Amino acid sequence: MRQSQLFTKTRKSAPKDEIAKNAQLLIRAGYIHKEMAGVYSYLPLGLRVLNNIMRVIREEMNAIGGQEITLTALQNPAPWKKTDRWRDDAIDVWFKTELKAGGELGLATTHEEPLTALMTEYINSYKDLPRYVYQFQTKFRNELRAKSGIMRSREFVMKDLYSFSRNEQEFREFYEKCAEAYKKIFNRLEIGEKTFRTFSSGGTFSRFSDEFQTVCDAGEDTIYVHKEKGIAVNKEVYTDEVLAELGIKKEELSEAKAIEVGNIFPLGTRFSDALGLKFKDDKGAETPVVMGSYGIGPGRVMGTIVEVLSDEKGIIWPKEIAPYQAHLILISGGNKDVIAEADRLYDLLAEHGIETLYDDRDARAGEKFADSDLLGIPTRLVVSEKTLAEGGVEVISRKTGATTLVSESAIIQTLVGKQGA
Ligand code: ATP
Ligand code: MG
């Protein structure tokens, strides 16, 4: 992508009412656009990052047997009435609307009801189980507060997977598998070291659930981290009883602010009972399906990565999700040979499948470097009169700032090696 053609531009400042660091940086870098409080659009570079995050999640969900679908955002009230969650005091973030032809509709806040109802058409016998179904789909939530940028928005995409199992044991096995998959995801997104499986309240569904919480001062939750065991306890359930159950002591824990990037929930038979999702076991007896739900918010994850990994100059993307692998910067000084050399390198990178943002704009070096720092692409390649004279290309790591003069072939080799690594 030639930066001279990119319709977005960097900005010196973010909207005055934007207080979250993630949104400030993402708006300034041209990744997202604020439509109104808690509602953001994703622009070309931002969409590439979001899609990359979803790709990582999708790969790990497929690896544990997930089957991808897309349910609708518009919700028929009927199944929600059956589970008694159509009421605003059961779900306090509903957006509801009306059909011109008459009758109410909801905008999906989550999808237990429609999916459970749908699965009644496909699950009849023990041979039809277990099944794992997921989607990346837009949720609408009338959140009271929207001060955390894209980490808490009123319209956002969620990865939600639902498990359908024959019994508690089969459910538990998958629950643990999914917890492992979540660890892999957060490791690949380079927030694994700061993200803890956190013992939490189960809300209305069960006694407990597990959240994945990333330690960060911008977080809205308070957790107690057990560094040695690599687990944590949410303040909501931080009681002597729970600590005893987990075999940990108060003195071993440290308090921290954290962001809930994902969660896994036992649902038991709460939804299958209400919506009639049953199967015949091997003796022909009708049994309710045991369910679980497993959420991750790719937008919240993107915001969290910006909060946790950025520095005073801007964003620093992990390699797997960066919008481009390389940021090629041309400092021509009007020299045609330098331009030709940078153009050639850009083509060469493309030939080798290295996705590159090429800053071919007619702008000062200082401005280009500042923009490059703000954008946060992992590897910067500089072509200038100086590098041409020295017979190489300057390679700068966004993360460490380490600078080396490297030959073209060596650049291709290292960048090809890093792709998807
Ligand atoms: P929270 O307690 O932070 O409101 P939640 O318990 O409502 O989260 P779920 O309904 O289980 O979360 O949603 C699953 C995942 O979706 C969360 O772990 C989070 O990553 C993401 N998510 C939830 N609400 C939002 C939101 N308003 N904006 C962006 N992502 C969200
Ligand atoms: Mg919520």
Side-chain angles (χ1 to χ4, degrees), residues 20 22-23 26 32 34-42 46 49-50 53-54 56-57 61 73 85 90-95 107-113 115 134-163 175 178-179 181-183 185-186 189 191 195-206 208-214 216 218-223 232 234-237 257-267 270-271 291-308:
N22 68 83
L26 290 166
I32 60 170
K34 184 174 193 164
E35 300 295 341
M36 57 184 126
V39 183
Y40 300 89
S41 296
Y42 286 77
V49 175
L50 192 69
I53 293 173
M54 294 198 287
V56 169
I57 298 171
M61 292 300 101
R85 291 213 298 172
I91 293 188
D92 60 0
V93 291
W94 268 119
F95 278 111
L107 303 183
T109 59
T110 177
H111 280 89
E112 281 84 4
E113 277 79 353
L115 184 60
Y134 77 98
Q135 61 175 348
F136 290 93
Q137 209 267 4
T138 304
K139 312 293 182 208
F140 297 91
R141 291 186 180 181
N142 204 339
E143 303 272 4
L144 196 56
R145 257 174 254 132
K147 292 187 175 147
S148 297
I150 59 169
M151 299 196 300
R152 182 177 298 286
S153 48
R154 297 193 168 109
E155 173 181 340
F156 62 97
V157 171
M158 190 197 289
K159 183 286 294 178
D160 42 336
L161 184 145
Y162 303 88
S163 65
Y175 190 83
C178 192
Y182 273 29
K183 275 191 198 155
I185 290 167
F186 298 123
L189 301 178
I191 52 171
T195 302
F196 297 92
R197 178 171 173 172
T198 303
F199 201 70
S200 315
S201 125
T204 51
F205 305 133
S206 74
F208 299 114
S209 70
D210 290 277
E211 295 170 343
F212 287 77
Q213 293 271 4
T214 307
C216 175
E220 294 179 9
D221 292 2
T222 301
I223 63 169
N234 194 308
K235 191 176 186 175
E236 294 172 339
V237 296
K257 283 278 173 204
I259 303 161
E260 184 203 304
V261 284
N263 63 28
I264 58 177
F265 255 93
L267 299 176
R270 160 90 169 80
F271 295 93
M291 290 174 54
S293 79
Y294 312 78
I296 297 183
R300 183 177 288 184
V301 168
M302 181 169 161
T304 302
I305 288 168
V306 174
E307 293 283 343
V308 170

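Atoms within a ligand are numbered from 1 in the order they appear, just like the ligands themselves. Owing to the predicted nature of the structure, the values given are computational and were not obtained by experimental measurement.
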Exercise for the section: Please work out which of the three classes, parallel, tilted or perpendicular, describes the rings of Phe208 and Phe199, given edges at 30° and 60°. Expected result: tilted

Practice task
Run the salt-bridge test on Arg270 and Glu112 with the 4.0 Å N-O cut-off and return the result as yes or no.
Solution key: no

Handout entry: Heavy-atom closest contact (Asp160 atom, Lys139 atom, distance)
Key = OD2-NZ, 2.7 Å

Completion exercise
Heavy-atom proximity to atom 10 (O) of ligand 1, picking from Glu211, Lys139, Arg141, Glu143, points to Arg141

Exercise for the section: Could you establish whether Gly299 and ligand 1 come within less than 4.0 Å of each other, counting only heavy atoms on the residue side? Expected result: no

Problem - Option whose closest heavy atom lies nearest to atom 12 (O) of ligand 1, chosen from Glu260, Met302, Met151 - result: Glu260

Exercise for the section: Report yes if Phe156 has an N/O atom closer than 3.5 Å to an N/O atom of ligand 1; otherwise report no. Expected result: no

Handout entry: Atom indices of ligand 1 within 4.0 angstrom of Gly262 heavy atoms, with elements
Key = 18 (O)

Completion exercise
In terms of heavy-atom contacts, His111 and Thr138 come closest through CE1-O, 4.3 Å

Practice task
Please name the pair of heavy atoms, one in Gly46 and one in Met302, separated by the smallest distance, quoted to 0.1 Å.
Solution key: O-CE, 3.8 Å

Exercise for the section: Only heavy atoms count here, so choose which of Asn263, Asn142, Val301, Asn234 is nearest to atom 9 (P) of ligand 1. Expected result: Asn263

Practice task
Say whether Val261, considering both its backbone and side-chain N or O atoms, lies within less than 3.5 Å of an N or O atom on ligand 1.
Solution key: yes

Practice task
Evaluate the criterion side chain to side chain donor-acceptor pair (under 3.5 Å) for residue pair Glu211 and Thr198; output intermediate values, then yes/no.
Solution key: CA-CA 5 Å; Glu211 295 170 343; Thr198 303; 5.7 Å; no

